[in-house]
Colleague: 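Please read through the structure below; I'll follow up with questions.
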2 protein chains.
Amino acid sequence: MTEPATVAPGRVRGGRRDEILVTFTRHVAERGYDRANFGDVASELGLSKGTIVHHFGTKDRMLAEVQERYMRRALDEARAFLARLDRPEHRLAAFVHAGVRYQTDDPATTIAFQREVVRLTDEPGMETARAQRDAYRDLVVGVLRDGEAAGVFVPGDARLRSLQMFGSLHWMWTWFDPQGRLAPEAVAAEFCRTLLRGLGVPETAVAEAADPDGPAAVCAREVVGS
Amino acid sequence: MTEPATVAPGRVRGGRRDEILVTFTRHVAERGYDRANFGDVASELGLSKGTIVHHFGTKDRMLAEVQERYMRRALDEARAFLARLDRPEHRLAAFVHAGVRYQTDDPATTIAFQREVVRLTDEPGMETARAQRDAYRDLVVGVLRDGEAAGVFVPGDARLRSLQMFGSLHWMWTWFDPQGRLAPEAVAAEFCRTLLRGLGVPETAVAEAADPDGPAAVCAREVVGS
DNA sequence: GTGAACTGACCGCACGTACGGGCAGAGTAG
DNA sequence: CTACTCTGCCCGTACGTGCGGTCAGTTCAC
């Protein structure tokens with residue numbers, strides 16, 4: 001039984017548990033799960049492999065924890081900006097603005113998650129993260145359906161559209177450079193414009209929702225930045 | 001491919017090289033490059049690990065060969081349908097129709113390629129495949145720029161738009177099921193509609209380019225199906 | 001004979017994980 | 001205060017295994 005060990009008499013500080021997870025996450029982002037290994041993480045932090053095992057048990061569980069943390073944050077923040085926005089095009093745009101922002105706000109976790117999403121589908125022990133991912137996708141599908149019902153989006157397959165949108169965002173890790181010349185706001189704006197126009201949203205509403213200083217982007221920035 | 005390797009008692013000139021590559025490709029598609037190994041491929045084909053090494057040298061070279069084959073085919077076919085289509089919206093739609101079609105036409109190679117594209121950027125020995133990939137992307141960017149110059153697409157960042165499009169297509173391997181209820185034509189049509197409408201193409205032209213029986217889809221099917 | 005296809009035994013190493021024990025701080029009894 | 005004990009954090013080592021790659025040698029077609 002692996003205990004989070006948050007309540008303990010003999011505990012010194014928060015321990016290095018978090019530190020280990022952060023470093024592991026970065027290694028997964030850089031090399032992928034299979035090539036990330038305990039030895040490198042341990043030597044980088046100046047501790048032994050045994051310590052990592054002590055805290056996390058197995059490598060699988062460590063990855064699961066990374067995924068769950070990322071998805072929990074994404075879910076919380078998505079619900080937060082959904083509560084603050086009402087128009088379907090603003091809500092959908094917020095998902096895009098937030099998705100792009102994660103790429104610079106917490107690149108390691110974001111890349112680690114996106115590189116290894118495929119493990120959510122088959123690997124055992126990933127049930128929690130998978131459920132969170134499904135819930136997140138359902139939020140987007142819901143927005144698409146609502147917008148369609150309200151006549152803001154032209155009729156179409158909401159699930160397919162959500163996958164089209166997620167594809168663009170999830171693929172970013174292969175080409176986006178946080179230090180590069182392309183600002184995340186510019187990427188989000190362009191993605192929003194093409195997507196919303198593609199759903200039949202009128203040009204003025206498109207411009208507002210895509211605008212880095214518009215309500216959707218501002219809301220996403222406030223929620224994610226916190 | 002074409003030569004199903006004679007099952008003759010003695011060995012055959014040309015050998016089982018292709019057979020090995022096909023099996024290896026399938027394993028990469030199913031488990032990823034790191035978890036694919038010589039032992040499994042060899043035992044599945046009833047030969048020894050040494051034989052694989054004899055034919056390919058190293059595992060890296062094997063993957064490079066998979067990537068190069070896939071990209072060469074994609075490039076050839078892209079140039080073929082570009083030669084047959086003239087309108088920008090048809091050309092762009094053809095990329096989408098073809099991209100989706102690869103998912104069912106040769107799922108193993110397609111998935112193997114998409115899973116491991118990231119290795120094109122850093123790994124050495126991948127220069128050829130990387131150059132092919134860049135050439136392919138440049139074809140799409142060219143179509144986007146031409147369409148913009150011709151006033152068919154609204155102004156915007158062509159490179160970003162190409163990445164948005166590739167993202168949707170490259171992400172398909174994580175969710176698309178060739179045996180599933182969703183036909184590839186339906187996926188391609190929906191993707192085309194959202195994308196082209198998003199670029200400002202008029203509704204009638206969008207419908208024609210997305211139509212599974214329209215000129216773009218038919219052309220893509222003929223070229224890819226060969 | 002020549003060379004390509006193929007074999008099977010073997011090597012070296014990297015990596016996940018198990019295990020036994022050391023250490024330091026907190027609780028408690030005296 | 002001191003002494004003892006408990007407990008979670010951490011270390012070092014060792015083990016088992018899986019895998020990429022080597023090599024000497026064999027078979028077979030031309």
Side-chain angles (χ1 to χ4, degrees), chain A residues 1-28 30-66 116 119 123-126, chain B residues 3-28 30-66 116 119 123-126:
Chain A
M1 217 34 191
T2 52
E3 288 299 315
T6 34
V7 184
R11 183 179 122 231
V12 207
R13 286 208 335 151
R16 309 227 221 166
R17 195 178 190 276
D18 280 357
E19 221 174 329
I20 293 171
L21 200 59
V22 167
T23 305
F24 175 73
T25 302
R26 208 185 62 247
H27 284 221
V28 172
E30 286 166 1
R31 320 172 195 176
Y33 176 75
D34 287 319
R35 285 170 133 80
N37 60 290
F38 288 179
D40 289 347
V41 172
S43 75
E44 186 177 317
L45 292 174
L47 36 81
S48 104
K49 286 201 290 177
T51 306
I52 301 181
V53 176
H54 165 75
H55 282 294
F56 298 94
T58 69
K59 199 182 169 189
D60 293 343
R61 272 253 26 98
M62 244 175 129
L63 181 66
E65 199 159 320
V66 172
E116 308 296 340
R119 293 182 200 272
E123 228 104 326
M126 295 283 190
Chain B
E3 306 92 15
T6 60
V7 200
R11 268 149 242 129
V12 175
R13 197 142 188 130
R16 312 219 222 170
R17 209 188 120 97
D18 279 358
E19 221 175 329
I20 292 171
L21 199 60
V22 166
T23 304
F24 175 73
T25 302
R26 209 184 62 246
H27 284 222
V28 172
E30 286 167 0
R31 320 172 195 176
Y33 176 74
D34 287 320
R35 284 168 133 79
N37 61 291
F38 288 177
D40 288 346
V41 172
S43 75
E44 187 177 317
L45 292 173
L47 38 79
S48 86
K49 284 201 295 177
T51 305
I52 300 181
V53 176
H54 166 73
H55 282 294
F56 297 93
T58 69
K59 201 182 167 188
D60 293 343
R61 274 260 16 106
M62 245 175 127
L63 181 65
E65 199 158 322
V66 172
E116 309 295 339
R119 293 181 200 273
E123 227 104 327
M126 293 284 189

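Numbers restart at 1 for each chain; the letters A, B, ... are given by sequence-line order, proteins then strands.
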Colleague: Between C:dC6, C:dT17, D:dG20, which one does the side chain of B:Asn37 approach most closely?
Modeller: D:dG20
Colleague: Rounded to the nearest Å, what distance is computed from the CZ atom of residue A:Phe24 to the P atom of nucleotide C:dC15?
Modeller: 13 Å
Colleague: With a 4.0 Å cutoff (strictly under), does any side-chain N or O of B:His54 reach OP1 or OP2 of C:dA5?
Modeller: yes
Colleague: How would you label the contact of A:Phe38 with the nucleic acid (heavy atoms, under 4.0 Å): base, sugar-phosphate, or nothing?
Modeller: base
Colleague: From CD1 of A:Ile52 over to P of D:dG12, roughly how many Å is that when rounded to an integer?
Modeller: 13 Å
Colleague: Taking atom P of C:dG8 as reference, at what distance in whole Å does atom CG of B:Leu47 sit?
Modeller: 10 Å
Colleague: Working to the nearest 0.5 Å, report the span between CZ of B:Arg31 and CG of A:Asp34.
Modeller: 12.0 Å
Colleague: Rounded to whole Å, how long is the line connecting atom CG of A:Asp34 with atom P of D:dG20?
Modeller: 12 Å
Colleague: Check whether any side-chain N or O of A:Ser48 sits under 4.0 Å from OP1 or OP2 of D:dG12, and answer yes or no.
Modeller: no
Colleague: Is there a side-chain polar atom (N or O) of A:His55 under 4.0 Å from OP1 or OP2 of D:dC10?
Modeller: yes
Colleague: B:Tyr33 OH to D:dC19 C1': how many Å, rounded?
Modeller: 12 Å
Colleague: Do B:Leu63 and B:Met126 have side chains that approach each other closer than 4.5 Å (heavy atoms only, starting at C-beta)?
Modeller: yes
Colleague: In terms of the nearest nucleotide of DNA chain C, which residue is placed more toward the 5' end: B:Gly50 or A:Asp60?
Modeller: B:Gly50
Colleague: Rounding to a whole Å, what distance do you find between B:Phe56:CZ and D:dG20:P?
Modeller: 14 Å
Colleague: Can you find a donor-acceptor N/O pair under 3.5 angstrom joining the side chain of B:Lys49 to the base of D:dG20?
Modeller: yes
Colleague: B:Leu45 CG to C:dT7 P: how many Å, rounded?
Modeller: 10 Å
Colleague: Under 4.0 Å, counting only non-hydrogen atoms across every strand here, what does A:Ala42 touch: a base, just sugar-phosphate, or nothing?
Modeller: nothing
Colleague: Do B:Tyr33 and B:Asp60 have side chains that approach each other closer than 4.5 Å (heavy atoms only, starting at C-beta)?
Modeller: yes
Colleague: In whole angstroms, how far is the C1' atom of D:dC9 from the CD atom of A:Glu19?
Modeller: 14 Å
Colleague: Flag the pair A:Val41 / A:Ile52 as yes when at least one side-chain heavy-atom distance between them is below 4.5 Å, and no otherwise.
Modeller: yes
Colleague: Looking only at non-hydrogen atoms, find the nearest pair between A:Ala42 and A:Lys49 and report the distance.
Modeller: CB-N, 3.8 Å
